[in-house]
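Step one of this worksheet: look at the structure below.
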Amino acid sequence: MTATTVRTRFAPSPTGSLHIGGARTAFLCKLFAKKHGGDFILRIEDTDQARNSAESLIGILDDMKWLGLDFAEGPDIEAVRRGELKDFGPYGPYFQSQRLEIYNSYIQKLLDAGRAYFAWETPEELAALRQNAGPDDAYGHVRPKHLVTDANEAKRLANGKPVMVRFLVPDVQIHVDDLVMGPTDFPPEHLNDFVIRKSDGMPTYHFAVVVDDSLMRISHVIRAQEHFSNTPKHVALQMAFGLPSPQFAHLPLVFNSQGKKMSKREKDKVVKRFAKKWLGEKEGGNSIGSLADKVKSAVKIADTADALVKQVEAWLKDPDLVLPQGTVREAIADVVGVPIAERPEIDVSDFKKAGFYAEAILNYIALLGWSPGTGKEIFTPAELVEAFNLEQVSKTNARFDRKKLVSFNLTHCNDDMSGDAGRKEKQLVAFKQYLESVGNARLAGIGDAKLRILLEAKKGWRLYSDVEKVAGPLFMPLSELTYDEGAVAKEGLRKGEAGRELLAGVTEVLRGQKDWEEPALEAAVMAWCGEKGIELKEIAPKVRVALTGTTVSPALWPSLVLVGREGVMERLDGFLAKG
RNA sequence: GUCCCCUUAGUGCAGCGGUCAGCACAUCAGAUUCUCAGUCUGAGAACAGGGGUUCGAGUCCCCUAGGGGAUGCCA
């Protein structure tokens with residue numbers, strides 16, 4: 001046994017929402033740490049000044065919290081919400097943007113040792129090099145003959161061009177022993193002298209990751225496979241510093257059902273399509289200006305309305321342009337009315353809003369690229385900790401199957417609802433969180449007691465949105481209720497039809513009912529059915545239609561309780577009085 | 001261009017030299033319930049192609065094809 005404690009980390013960059021694939025990586029990191037009694041750490045890789053945003057940082061932290069991905073060291077969520085980059089843990093700061101001196105001191109060590117040098121090619125020059133590379137040429141950057149390691153000399157020679165630092169890649173074969181990919185040798189000629197400090201002074205990912213993982217005592221680097229080919233860079237850097245390499249484990253990628261990368265581009269495209277359509281409908285006074293106004297009132301953004309209009313105009317014109325701010329995109333989607341069902345789900349928050357249960361998502365994403373090998377699929381988070389191992393992680397890309405997730409969701413919710421009081425309570429809490437996330441104040445306002453009855457009555461739901469949908473008519477004011485004509489006709493409830501008499505009969509039974517509880521209501525109505533010699537199924541759908549206007553609602557008895565005596569009488573009498 | 005990885009039913013996985021190739025989701029059929037859902041029972045459905053190695057290959061090796069990743073002053 002090794003004495004080293006297991007420490008894993010998840011290191012997102014706050015340039016967008018938490019992607020479902022990122023959540024998978026984070027969760028497996030956490031599972032591995034927990035399994036070995038170690039710690040899971042969160043580090044924020046905010047070195048991309050152009051794309052970072054505070055809002056996406058908060059979003060990521062919220063999403064992790066919602067999923068239950070708490071960490072032993074990392075950002076202080078409350079402080080971040082207040083706008084401070086505060087964190088907790090002994091190896092901080094956990095924001096890379098606050099670790100600049102550390103990186104610079106390590107870069108200086110390399111410079112002093114002649115293992116790094118200054119460079120000042122422009123992006124255009126480098127692109128041209130790659131373009132024009134012949135079959136036998138080196139691809140991209142070529143190491144210069146004279147290596148400049150003195151800052152002043154570099155400044156002079158660069159002659160005004162921005163200066164960066166490149167790592168002098170050693171001419172040795174790099175061996176990587178990956179826990180998933182197996183042992184692999186990377187020949188030196190495939191590595192060129194990569195940049196370690198950008199001209200804006202920020203370290204590159206490849207550099208910061210090595211320094212941080214080492215200083216933060218990360219024992220296992222578990223990350224997506226897209227990083228595998230870059231691992232020799234990290235190992236080369238570790239060798240240069242004489243630092244031990246952590247263990248690596250590269251997880252297969254997650255793709256959507258079409259086998260493509262799940263990207264925010266997909267979402268963007270859909271929103272763009274609807275936005276164009278919306279702007280085409282001039283009658284409603286729809287213009288880019290009004291869109292910008294509405295978006296601005298929906299989200300807090302620093303941009304002026306004019307700036308926003310310009311940005312949106314450019315976005316609409318260029319099919320390849322993706323809006324950088326997720327919240328703006330969401331707001332536009334709301335304004336132009338993109339139906340929920342049409343919005344591609346790729347971020348954790350999308351699944352939250354669609355009505356998924358966090359534990360079901362965790363269960364499902366754990367199986368994206370990993371399997372216990374036993375055939376068991378349904379796990380609670382605690383069982384996953386027990387079962388997880390890196391050996392069973394596959395190298396094959398995983399495909400995201402929403403239908404299976406839905407099925408997992410149903411199973412988890414069903415299991416909870418047939419479990420003890422504590423598990424039922426978890427469902428209540430989760431359902432309330434859902435209602436909050438979609439802004440359904442009306443349902444949230446009915447109180448815990450009624451929400452419990454509702455959940456019990458709608459057992460077997462797939463998503464919380466199903467519960468919400470079916471409960472809608474029960475809690476609508478009578479004035480908003482609409483009656484589905486087809487349903488009315490089907491049940492023979494039109495004026496003069498026989499169904500109305502039966503309904504009137506039940507109405508009277510209910511009117512005389514003192515005890516407005518499920519068992520009593522059931523007993524009374526069943527007794528009446530017995531007298532009349534009819535079955536429940538002859539009358540229940542009629543009551544349902546009169547009560548909700550639709551043929552679909554929760555079971556009858558709880559529905560009556562939820563609407564309440566007054567509401568029921570008002571609805572039934574009102575329906576019977578109608579022409 | 002170069003390097004790396006992958007390929008079992010529609011989808012996700014299991015299999016790690018000898019299985020009637022197993023499971024789940026989805027699909028279809030039947031049963032059950034006051035609707036929807038759920039639940040229960042059953043059915044159809046796969047080793048990318050070609051060479052080897054071996055008594056024996058989905059499993060090991062090679063080639064081909066297809067998919068993916070990397071090769072960025074993104075992470």
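Keep in mind it's a predicted model, so treat the numbers as computed, not measured. Here is how names work: the chains are called A, B, and so on, in the same order as the sequence lines, proteins then strands, and each is numbered from 1.
- Aromatic ring pairs are classed by plane angle as parallel below 30°, tilted from 30° to 60° and perpendicular above 60°; the pair Tyr464(A) and Tyr357(A) is perpendicular.
- The distance from atom CG of Asp200(A) to atom P of A75(B) is 9 Å, rounded to the nearest whole Å.
- In this structure, Pro554(A) reaches the bases: a heavy-atom distance under 4.0 Å links it to at least one base atom across the strands shown.
- Using a 4.0 Å heavy-atom criterion, one finds that Thr396(A) contacts the sugar-phosphate atoms exclusively.
- Across all strands shown, Met164(A) has heavy atoms under 4.0 Å from base atoms, whether or not it also approaches the sugar-phosphate.
- When heavy atoms are screened at a 4.0 angstrom cut-off, Glu45(A) is found touching the sugar-phosphate backbone but no base atom.
- Atom CD1 of Ile539(A) and atom C1' of U35(B) are 14 Å apart (whole Å).
- Atom name P, nucleotides C25(B) and G38(B): the rounded distance is 11 Å, in whole Å.
- Of the residues Asp415(A), Asp416(A), Thr380(A), the one that meets the side-chain hydrogen bond (donor to acceptor under 3.5 Å, both in side chains) test with Arg423(A) is Asp416(A).
- Ring geometry for Phe408(A) versus Tyr364(A): interplanar angle over 60°, hence perpendicular rather than tilted (30 to 60°).
- Pair assignment for C3(B) gives G69(B), based on Watson-Crick or G-U wobble hydrogen-bonding distances that are each under 3.5 Å.
- Within 4.0 Å of Lys395(A), counting heavy atoms only, lie sugar-phosphate atoms of the nucleic acid but no base atom.
- With a cut-off of 3.5 Å on both Watson-Crick or G-U wobble distances, the partner of A29(B) is given as U41(B).
- In this structure, His206(A) and Phe194(A) have perpendicular ring planes: the angle between them is above 60°, well past the 30° mark.
- At whole-Å resolution of the value, NE2 in His227(A) and P in G69(B) are 13 Å apart.
- Residue contacts shown for Glu121(A) include a base, since a base heavy atom lies under 4.0 Å away.
- Listed candidates were A75(B), C73(B), U71(B). Nearest to the side chain of Ser13(A) is A75(B).
- If you take CG of Asn409(A) and C1' of G38(B), they are 14 Å apart, rounded to a whole angstrom.
- Atom pair Asp466(A):CG and U35(B):P shows a separation of 18 Å (rounding to whole Å applied).
- Along RNA chain B, the nucleotide closest to Ser371(A) and the one closest to Gly460(A) are compared, and the more 5′ of them pairs with Ser371(A).
- Nucleic acid contact class of Ser407(A) (heavy atoms, under 4.0 Å, all strands): sugar-phosphate only.
- The side chain of Thr184(A) sits closest to C4(B) out of C34(B), C4(B), G38(B).
- Side-chain atoms of Leu253(A) lie closest to G69(B) of the nucleotides U35(B), C3(B), G69(B).
- Using P as the reference atom, C61(B) and U53(B) are 15 Å apart when rounded to the nearest Å.
- The side chain of Pro123(A) has C73(B) as its nearest neighbour among A70(B), C74(B), C73(B).
- Heavy-atom distances to RNA chain B give each of Arg166(A) and Asn414(A) a nearest nucleotide, and the one nearer the 5′ end belongs to Asn414(A).
- Ring centers of Phe71(A) and Phe10(A): at least 6.0 Å apart, outside the cut-off.
- At A75(B), one or more side-chain N or O atoms of Lys198(A) fall inside 4.0 Å of OP1 or OP2 (strictly under the cut-off).
- At a cut-off of 3.5 angstrom, counting only N and O atoms as typed in the model, there is a donor on one side and an acceptor on the other between the side-chain of Lys404(A) and the base of A24(B).
- Applying the 4.0 Å criterion to OP1 and OP2 of A75(B), one finds that Arg51(A) has every side-chain N and O outside that range.
- Ala398(A) comes within 4.0 angstrom of the backbone, heavy atoms only, and of no base.
- When heavy atoms are screened at a 4.0 angstrom cut-off, Val195(A) is found touching the sugar-phosphate backbone but no base atom.
- For Gln392(A), counting side-chain heavy atoms from C-beta on, the closest listed nucleotide (A14(B), A26(B), C34(B)) is A14(B).
- Minimum atom distance to the side chain of His190(A) is reached by C3(B), of the listed C5(B), A75(B), C3(B).
- At a cut-off of 3.5 angstrom, counting only N and O atoms as typed in the model, there is a donor on one side and an acceptor on the other between the side-chain of Lys458(A) and the base of C36(B).
- For Phe351(A) and Phe400(A), the ring centers sit closer than 6.0 Å to each other.
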Before you tell me yes or no, could you show the steps for Glu377(A) and Lys404(A) under salt bridge (charged side-chain N to carboxylate O under 4.0 Å, His left out), namely the whole-Å CA-CA distance, both residues' side-chain angles and the distance that decides it to 0.1 Å? CA-CA 11 Å; Glu377(A) 285 195 316; Lys404(A) 188 138 184 174; 3.0 Å; yes

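- To the nearest whole angstrom, the two C1' atoms, one in G49(B) and one in G67(B), are 15 Å apart.
- Here Thr47(A) reaches the OP1 or OP2 of A75(B): one of its side-chain N or O atoms lies under 4.0 Å away.
- Contacts of Trp370(A) with the nucleic acid, taken as non-hydrogen atoms under 4.0 Å apart, are absent.
- Side-chain atoms of Asn192(A) and Arg166(A) form no donor-acceptor pair, as typed in the model, at a separation below 3.5 Å.
- Annotation for Leu560(A) and Trp516(A): closest pair O-NE1, 3.0 Å, computed over non-hydrogen atoms.
- Within the nucleic acid shown, Phe400(A) has no heavy atom closer than 4.0 Å to any nucleic acid atom.
- A gap of 11 Å separates the C1' atoms of A9(B) and A21(B), to the nearest Å.
- OP1 or OP2 of U71(B) lies within a sub-4.0 Å distance of a side-chain N or O belonging to Asn230(A).
- Separating the C1' atom of C16(B) from that of U11(B) is a span of 23 Å, rounded to the nearest Å.
- The nucleotide U53(B) finds no pairing partner, because no Watson-Crick or G-U wobble arrangement with both distances shorter than 3.5 Å includes it.
- Under the Watson-Crick and G-U wobble criteria, each requiring two contacts below 3.5 Å, nucleotide C23(B) is paired to G12(B).
- Distance from the side chain of Asn192(A) is smallest for G72(B) among the nucleotides C25(B), G72(B), G69(B).
- Checking C5(B), U39(B), U71(B) against every side-chain atom of Leu410(A), the shortest atom distance belongs to U39(B).
- Residue-level contact check: His250(A) touches neither bases nor backbone, having no heavy atom under 4.0 Å from any strand.
- Here, G1(B) and G72(B) have their P atoms 16 Å apart, quoted to the whole Å.
- Within the nucleic acid shown, Arg544(A) comes within 4.0 Å of at least one base atom, counting heavy atoms only.
- Atom NZ of Lys537(A) is separated from atom P of C36(B) by 12 Å (rounded to the nearest Å).
- Nucleotides A29(B) and G44(B), compared at atom C1', are 10 Å apart to the nearest Å.
- With C1' as the reference atom, A24(B) and U8(B) are 15 Å apart, rounded to whole Å.
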